[in-house]
**Q** 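Submitted below is the structure of interest, expressed as structure tokens.
We use all heavy atoms of the structure for the numbers below, so side chains are in, but hydrogens, waters and symmetry mates are not.
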Amino acid sequence: MRERILFEREIYTGSLILVNGTHPFRETFSGGLAEVGRPGSGIQMERRAAILLEELMAKLRGWEGIVPVSGWRSPEEQRAIWEDSMAAEGPEFTRKFVARPGFSEHHTGLAIDLGERREKIDFICPGFPDQGICRRFARMAARYGFVLRYPAGKEAITGIAHEPWHFRYVGVPHALIMEDRGLVLEEYLKLLRRHRWGKDPLFCRTQGMEAEISFLPAEERKAAWLAQKEDWPCSISGNNVDGFVITRWNGALLRSRLSQGKERGVG
């Protein structure tokens, strides 16, 4: 058995943190960054998200028709974007398409804005049509841990207008579950709160592997020590609100998959 102690600040870290108009990014980004796109793009993401995005693009030859428009942003850069949009487009447009400084997913390094490769690309609203290479990317994204963060019809929940160009890394199996059930991150985290650690985990089978997902409330953190069997690898993410999402994989199936060289898309 192995033990894992959770620290309070870990609530605000991980691939499943919720950053929106109500919940700011509470940490100063300190993770590793990696460039995405063709060399010299200058667009960076959190390292693991960048690796998986590059794997997906290699599979699709995606960088031939898609360009990275915006990845990780500092709060200072976000403030400049917000103020420039307010001046140029006005408050109604800005509040629909630009998050307030400190409340942007781009601060996490887990979000990427993509655009169809064109001569001119709008920075705030890059074209990403539901056709061709852009459609193929959107349909493959969840297998590599990415979700369309702001889909049409969910504006009242996300607080942001439909953005077909904005993708967020949450990892597998979470992206696949969200896609299958038509959930945005706010809804998915709400669902997981019903599946408490040690009581009623959510079971799923994705890409030939079994996993169980559960929620540990923050107030139970100090009383809980996480023990697991060696053959069930475990990943833990804070939700940036009130607790932790714990994902445990069936290790026997996981090792079999890794031995076959099929680890791509596992998050």
Side-chain angles (χ1 to χ4, degrees), residues 14-16 31-72 105-106 108-118 121 126-151 162-185 188 204-211 213 233 235 237 247 249-250 253-267:
S15 59
L16 287 168
L33 290 169
E35 189 177 62
V36 296
R38 293 179 174 176
S41 73
I43 306 301
Q44 296 180 307
M45 295 189 72
E46 184 273 334
R47 189 171 299 279
R48 176 154 180 77
I51 290 171
L52 288 164
L53 178 64
E54 290 292 346
E55 289 187 358
L56 173 52
M57 287 300 191
K59 178 80 171 179
L60 298 172
R61 299 177 64 179
W63 294 132
E64 294 179 8
I66 295 174
V67 297
V69 178
S70 185
W72 174 79
E105 282 203 327
H106 287 280
T108 70
L110 300 169
I112 184 75
D113 290 346
L114 300 170
E116 183 180 40
R117 187 174 289 279
R118 301 173 180 174
I121 298 174
F128 201 80
D130 184 25
Q131 62 186 28
I133 187 61
C134 296
R135 174 185 290 179
R136 294 197 296 274
F137 175 89
R139 291 184 174 181
M140 287 282 289
R143 302 182 197 181
Y144 290 77
F146 290 87
V147 294
L148 178 63
R149 181 65 178 93
Y150 305 121
H162 175 42
E163 293 190 355
W165 56 83
H166 183 108
F167 291 85
R168 161 70 189 268
Y169 178 76
V170 295
V172 171
H174 311 289
L176 290 162
I177 297 171
M178 291 169 66
E179 180 180 69
D180 181 63
R181 301 194 182 195
L183 302 176
V184 291
L185 187 55
Y188 181 58
C204 65
R205 184 179 179 89
T206 63
Q207 299 183 348
M209 293 176 291
E210 294 177 347
I213 307 165
S235 65
S237 173
T247 307
W249 295 96
N250 182 318
L253 287 172
L254 179 59
R255 284 195 301 275
S256 174
R257 185 174 178 82
L258 292 175
S259 69
Q260 297 171 26
K262 297 180 179 178
E263 69 273 30
R264 289 185 177 182
V266 178

**Q** Taking side chain to side chain contact (heavy atoms under 4.5 Å, CB included) as the test, write out the residues that go with Q44, two or more places apart.
**A** L33
**Q** Is any side-chain heavy atom of I66 closer than 4.5 Å to one of L60?
**A** no
**Q** Give a yes or no answer on whether the side chain of E35 reaches the backbone of G42 with a donor-acceptor pair at less than 3.5 Å.
**A**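 Yes; judged by distance alone, with no hydrogens or angles, the pair exists.
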**Q** How many angstroms lie between atom CZ of F146 and atom CG of L56, to the nearest 0.5 angstrom?
**A** 7.5 Å
**Q** To the nearest 0.5 Å, tell me how far L183 CG sits from I177 CD1.
**A** 9.5 Å
**Q** Can you check whether W72 reaches V36 side chain to side chain, under 4.5 Å on heavy atoms?
**A**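 SC-SC contact between W72 and V36 ruled out.
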**Q** For V172 and L52, run side-chain contact (heavy atoms from CB on, under 4.5 Å): C-alpha distance rounded to whole Å, both residues' side-chain angles, the deciding distance at 0.1 Å, then the answer.
**A** CA-CA 11 Å; V172 171; L52 288 164; over 6 Å; no
**Q** Rounded at 0.5 Å granularity, tell me how far NZ in K59 sits from OH in Y144.
**A**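 Here the rounded value is 5.5 Å.
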**Q** With sequence neighbours excluded, what pairs up with S70 under the side chain to side chain donor-acceptor pair (under 3.5 Å) test?
**A** R73
**Q** Not counting sequence neighbours, which residues clear side chain to side chain donor-acceptor pair (under 3.5 Å) with R168? List them please.
**A** E105
**Q** Just to verify, what does R61 make a side chain to side chain donor-acceptor pair (under 3.5 Å) with, not counting sequence neighbours?
**A**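 Once residues adjacent in sequence are excluded, the partners of R61 under the side chain to side chain donor-acceptor pair (under 3.5 Å) criterion are E64.
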**Q** Could you report the tightest heavy-atom contact between A111 and T108, atom names first, then the distance?
**A**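 Heavy atoms of A111 and T108 come nearest at N-OG1, 4.2 Å.
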**Q** Are I43 and I112 close enough that some pair of their side-chain heavy atoms sits under 4.5 Å apart?
**A** yes
**Q** Taking the side chain as C-beta and beyond, is there a heavy-atom pair between L16 and L185 under 4.5 Å?
**A** yes
**Q** Taking only residues two or more places apart in sequence or in another chain, which ones pass ring pair (Phe, Tyr, Trp, His ring centres under 6.0 Å) with H166?
**A**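 Ring pair (Phe, Tyr, Trp, His ring centres under 6.0 Å) list for H166, sorted by chain: H106, Y150.
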**Q** Mind checking side chain to side chain donor-acceptor pair (under 3.5 Å) for R118 and listing every partner two or more places apart, or none if nothing turns up?
**A** E116
**Q** If you measure from CZ on R48 to CG on L110, what distance do you get to the nearest 0.5 Å?
**A** 11.5 Å
**Q** Does anything in residues 176-185 form a salt bridge (Lys or Arg N to Asp or Glu O under 4.0 Å)? List the pairs, not counting sequence neighbours.
**A**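 Residue pairs passing salt bridge (Lys or Arg N to Asp or Glu O under 4.0 Å), neighbours aside: none found.
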**Q** Table please: side-chain donor-acceptor pairs of residues 126-134 below 3.5 Å, with sequence neighbours left out.
**A**
residue	atom	partner	partner atom	Å
D130	OD1	R135	NE	3.2

**Q** Under 3.5 Å, is there a donor on one side chain and an acceptor on the other for S15 and H174?
**A**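 No - no donor-acceptor pair under 3.5 Å links their side chains.
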**Q** Quick one: side chain to side chain contact (heavy atoms under 4.5 Å, CB included) partners of P164, sequence neighbours excluded?
**A** H162
**Q** Work out which heavy atom in G145 is nearest to a heavy atom in A175; give both atom names and the distance.
**A**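 Answer, listing the atom of G145 first, then A175: C-CB, 3.6 Å.
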**Q** Report the residues that fulfil side chain to side chain contact (heavy atoms under 4.5 Å, CB included) with A138, sequence neighbours left out, ordered by chain and then residue number.
**A** F167
**Q** Quick one: closest heavy-atom pair of I213 and P173, and the distance?
**A**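 Answer, listing the atom of I213 first, then P173: CD1-CG, 3.8 Å.
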**Q** Please confirm whether the backbone N or O of W165 pairs with a side-chain atom of E163, one donor and one acceptor, at under 3.5 Å?
**A** no
